[in-house]
Structure formats: structure tokens, C-alpha cells
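Beneath this line is the structure, given in C-alpha cells, with notes to follow.
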There are 2 protein chains.
Amino acid sequence: MKYSASKENYLKAVFHLQQAQGTVSTNALAAAMQTRAASVTDMLKKLKSQKLLQYERYKGVKLTAEGKRLAIHIVRKHRLWEYFLVDKLGFGWEEVHEMAEELEHISSKKLIDRLEEYLGFPDTDPHGDPIPDNQGRMRVSKAVQLQELPVRTTCIISHVGDQSAEIMELLNHLRLTIGTRLEVKRKFSFDQSLEVMLPDESLITISQHLSSNLFVKPEKNLALSGPES
Amino acid sequence: MKYSASKENYLKAVFHLQQAQGTVSTNALAAAMQTRAASVTDMLKKLKSQKLLQYERYKGVKLTAEGKRLAIHIVRKHRLWEYFLVDKLGFGWEEVHEMAEELEHISSKKLIDRLEEYLGFPDTDPHGDPIPDNQGRMRVSKAVQLQELPVRTTCIISHVGDQSAEIMELLNHLRLTIGTRLEVKRKFSFDQSLEVMLPDESLITISQHLSSNLFVKPEKNLALSGPES
DNA sequence: AAAATTTATTAGGCTTGCTTAAAATAGATT
DNA sequence: AATCTATTTTAAGCAAGCCTAATAAATTTT
């Protein structure tokens with residue numbers, strides 16, 4: 001069965017929102033889809049009648065197994081195309097999101113499987129997000145928010161929560177990319193900002209807003225190993 | 001300015017039809033678009049109001065300069081994606097048309113220019129049709145219909161007029177591909193069929209219907225050079 | 001040239017995905 | 001518990017792109 005680009009976008013948005021929230025509200029969806037709550041209610045009824053999600057008036061929404069399967073497949077397409085654009089066509093990781101928003105709706109399953117093979121079965125997209133395999137299995141990322149790390153921890157940036165051009169502009173300016181190694185030096189309780197050290201030993205300050213969007217893999221801290229093994 | 005996939009498809013269809021016919025009738029368009037004449041009339045009014053084509057009721061239709069520019073750009077995208085699918089992803093030339101019908105509507109101009117570069121600025125798509133450059137210039141093919149060649153001429157298949165799966169099935173069966181060298185051995189006036197010789201010296205018969213869809217580049221006949229140099 | 005036929009257009013209606021404005025429900029406040 | 005407020009739904013309507021049926025114009029036949 002084929003679904004419209006609009007329906008696919010709703011499924012994808014519910015999928016992403018329910019990662020965080022469990023069940024998704026009409027207003028949250030309207031914000032994510034840049035549309036009005038009334039439009040969302042309309043669409044939820046249609047998607048419910050197609051058994052792609054569970055929906056009770058005034059009670060929010062959750063994907064069914066089938067809805068989730070479809071959503072993951074769209075995420076897979078999005079991330080594989082992003083990888084293609086960066087790795088093969090030489091785009092910057094900050095400029096590929098919009099193009100991938102269109103390419104993710106290309107329907108051929110065979111095409112996306114061949115593309116994955118051509119790209120060498122990459123694990124993650126250029127933003128560090130995991131790429132689901134053709135069975136919908138996604139390697140779970142053990143990344144945590146930079147915000148949550150204690151002082152003196154070393155870590156590596158593994159992905160970026162927000163995908164906006166604005167955050168990309170800031171990250172480029174600070175010379176932060178996927179794979180950059182950081183050490184948390186200080187935390188300021190006043191505004192929850194962090195001071196971190198880059199590989200070249202320079203120090204920069206990161207706002208709470210930014211650090212909550214930076215996901216990192218903690219690195220075993222060689223300098224001081226804690227009490228646990 | 002961005003146009004819907006449907007509008008782009010109409011422009012492309014008018015472009016292809018007016019190559020042959022000069023001015024295009026409503027019914028011809030309806031057949032090409034697999035829709036009804038009434039729907040075509042509706043759409044022609046919209047495209048006219050956007051100055052993409054010249055249209056007078058009951059008098060058929062022609063693209064304006066701007067409409068033609070857009071149509072060529074869509075053809076460019078279609079053919080570059082086809083080339084990508086065959087050359088990079090390893091699809092057969094007979095299976096890529098449908099996928100390219102979707103991919104041709106991806107809007108980013110930068111993407112298609114980068115893709116062209118990545119592919120090495122190919123001249124023709126896998127069907128032998130010329131790929132317009134990013135200024136819309138198309139290398140004019142000097143190909144003629146196989147049908148029109150005189151007996152004893154040698155030629156090379158350069159492209160295929162029809163893009164259907166049916167013609168592909170037949171060509172695969174006869175082992176005819178772009179680049180195959182042929183010599184016209186006999187012409188039968190009864191049904192306009194041809195007997196041609198393949199590189200392995202085998203002889204096959206080609207119907208008028210097929211030979212009018214096979215475009216060839218005449219090769220200078222080395223065996224017997226005619227009176228003209 | 002009138003009649004018959006083909007071709008094209010108009011009229012009215014459907015679905016999808018969106019909108020605004022009004023009404024209903026849920027959740028919070030007193 | 002009653003009221004207020006925020007959230008959500010319903011109602012009505014619009015544009016795009018399609019449909020069928022009816023009508024009009026052009027073309028062919030007689």
C-alpha cells in the first residue's frame with residue numbers, strides 16, 4: 001500500500017515525538033508539522049481508519065505496529081539519502097536535510113536497498129543518527145545529552161538532536177562536528193551553561209539550549225578511572 | 001517558482017508530443033497522461049494563466065519559452081537519475097523508467113548539478129536519449145529511424161523511441177541494446193519488415209512497428225563506399 | 001450546405017489536505 | 001464543586017486535481 005507524502009510526514013513526526021513523550025498530543029504534532037490543530041485532528045482520523053495509529057478524541061495518539069514499521073522505513077530512507085548526499089555528492093551535513101525530506105518519499109523499496117548496498121551499509125547518517133536496516137532494526141544509540149555529563153568527563157559528539165539550519169550555523173562556528181572529542185570542564189548552575197575543552201585545548205562555553213541538543217558517547221576516562229572497574 | 005509534480009508531468013508530455021506534432025491536441029495529451037480530456041482542459045487553463053504555454057480553446061497547445069525551459073529541465077533530471085540508477089546502482093536499463101518518474105520531481109537544482117558532475121557529465125541516458133546540460137542545451141542526435149535506412153547500410157542503435165516495458169522485453173529477447181551494430185539486409189514491402197544482421201552474423205526479422213522505434217546512427221559503410229566521398 | 005461525427009469544453013461533484021471560527025472537553029484554580 | 005483556561009474537536013469552506021455527463025465547436029461525410 002502506498003501513502004501520500006503528507007501521511008508519511010505525519011507518521012514520521014508521531015514516531016519522533018513518541019520517542020520522547022510516549023503518547024503525542026495534537027498541539028505537539030501541529031507544531032512539528034507547522035500546521036493547525038484542526039488539520040491534525042482531520043489527519044489523525046484518516047490514519048486511524050487505516051490502522052496506522054491508535055487515537056481517541058482528546059487522548060493523544062500512538063503508532064500501531066504497522067504505523068511504526070512504516071515510520072521507521074521512512075526514517076531509513078531519509079538517512080540513507082542524507083548519507084549519499086554527503087558521502088557521494090560532497091554536500092555539507094548541514095545542507096542535506098531539506099533535500100532528504102523530498103527524497104524520503106521516493107517509493108521503490110528495491111532502490112533504497114540497492115542504495116544502501118552502494119553506500120556500504122552505513123551505520124549512522126551524517127548527523128550521527130542510526131540508520132535502520134531493511135528489517136527496520138535500528139542499532140540503539142547509547143548516547144546521552146552532553147548536558148547530563150559530570151565535570152571532567154571526556155566524550156565524543158555522536159549526534160545532534162535538532163536538525164535546523166540555525167543549530168548548524170552555530171556548530172560550524174564553534175567548530176563542533178560529529179566525532180569531535182570534548183572534555184567537560186565546568187558547569188554553571190546559574191544558567192546551566194557548560195565550559196568544555198576542544199582537542200586543541202581551547203575552551204568554549206555552551207548554553208543549556210545547545211548542550212541539551214548535543215548527544216555524546218561517554219569515553220572511558222583514562223585520566224581518572226572511577227571506583228567502578 | 002515551484003510547480004506541482006502533476007504540472008511538471010503535463011509540461012513534459014507537451015514537450016515530447018510537440019517534438020513530433022508541432023502543436024498538441026487535448027486528446028493526445030489525455031492519452032499521454034492517462035487521464036480524461038476534461039481534466040486536460042482544466043489543467044491547460046491553469047498552465048496558460050502561469051504563462052507556461054500558449055492555448056486557445058479548440059486550437060491545441062504549444063509551450064512558451066519558459067514552459068519549454070522547465071520541461072527540458074525535467075527531462076534533464078529524469079535522464080540523469082536514470083543514468084545514476086543504471087551506472088551506479090546496477091539496475092537494468094529497462095527497470096529504471098518508473099523510478100526516474102518519481103526522482104525527476106526532486107526540486108533542488110544544486111543536487112542535480114552535483115549529480116551530473118558525480119556521474120561524469122554523461123551525454124546520453126541508458127536509452128540513448130541525449131541529456132540536456134544545465135543551460136538546457138541538448139546535443140542534437142543525428143539518429144534516424146532504422147526503418148528509413150536503405151538495404152546494405154550498417155548502423156549502430158543509438159536510442160529507443162518507446163520506453164515501455166513491452167519493447168524492453170522484446171529487445172532483450174532479440175539481444176538488441178544501445179550500441180549494437182546492425183546491417184540492413186532486406187526490406188519487405190509487404191509489411192515493411194526488415195531483415196538485419198547482428199555482429200555474430202545471425203539474421204533476425206524486425207517488424208515495422210519495432211523498426212520505427214529504433215533510432216540508429218548510420219555508420220560509414222567500409223565494405224562498399226558509395227559515389228559520394 | 002446540411003447532417004453526422006469527432007473533438008473539446010463547460011458544469012457540477014468528489015477527495016485530499018489545508019484553513020478559520022465556534023463549540024466541546026479536560027485540566028487547573030479557587 | 002464551580003469556574004476558568006487551555007486543549008482539542010467540529011463545522012464550514014477553499015484550492016488542486018481528478019471524475020462523469022451534458023453541451024458546444026470543429027471537421028468530415030453525404
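Values below: all heavy atoms of this structure, side chains included; hydrogens, waters and symmetry mates excluded. Labels below follow one simple rule: chain letters A, B, ... track the order of the sequence lines, proteins then strands, and each chain is numbered from 1. Just so it is clear, the structure is predicted and the values come from calculations on it, not from any experiment.
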inquiry  = Could you tell me if A:Lys88 sits above the aromatic ring of B:Phe84, with its cationic atom closer than 6.0 Å to the ring centre and no more than 45 degrees from the axis?
reply    =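 No - A:Lys88 does not lie over the ring of B:Phe84 by the 6.0 Å and 45° rule.
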request  = Look up atom NZ in A:Lys7 and atom CG in A:Leu52, then write down how far apart they are to the nearest 0.5 Å.
outcome  =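 Reported value, rounded in 0.5 Å steps: 8.0 Å.
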Euclidean distance, atom [atom1] of residue [X] to atom [atom2] of [N] [Å, nearest integer]:
| X | N | atom1 | atom2 | result |
| --- | --- | --- | --- | --- |
| A:Asp42 | C:dC18 | CG | P | 9 Å |
| B:Leu44 | D:dG17 | CG | P | 13 Å |
| B:Leu29 | C:dA8 | CG | P | 10 Å |
| B:Met43 | C:dA8 | CE | P | 18 Å |

request  = With DNA chain C as reference, determine whether B:Ala38 or A:Ala5 sits nearer its 5' end, using the nearest nucleotide of each.
outcome  =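 First, find each residue's nearest nucleotide; the 5'-ward one identifies B:Ala38.
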query = Which of these passes side-chain hydrogen bond (donor to acceptor under 3.5 Å, both in side chains) with A:His127: A:Glu82, A:His97, A:His159, A:Glu94?
reply =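 Only one option passes, and that is A:Glu82.
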Considering only side-chain heavy atoms of [X], which listed nucleotide, [options], is closest?
| X | options | answer |
| --- | --- | --- |
| B:Lys46 | C:dA24, C:dT9, D:dA16 | D:dA16 |
| B:Ser6 | C:dT19, D:dG17, D:dT7 | D:dG17 |
| B:Arg57 | C:dT10, D:dT9, C:dA8 | C:dT10 |
| A:Ser25 | D:dC19, C:dA8, D:dT8 | D:dT8 |
| B:Thr41 | C:dA8, D:dT20, D:dT10 | C:dA8 |

query = Contact class for A:Tyr3 (heavy atom, under 4.0 Å): base, sugar-phosphate, or nothing?
reply =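 Counting heavy atoms under 4.0 Å across all strands, no contact is made by A:Tyr3.
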message = When you measure from the side-chain N and O atoms of A:Tyr58 to the phosphate of C:dA23, is any distance below 4.0 Å, counting only OP1 and OP2?
response =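 Answer no for this pair, as no side-chain N or O of A:Tyr58 is under 4.0 Å from OP1 or OP2.
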ask   = Between A:Thr35 and C:dG17, does any side-chain N or O lie under 4.0 Å from OP1 or OP2?
value =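 No, no such contact exists.
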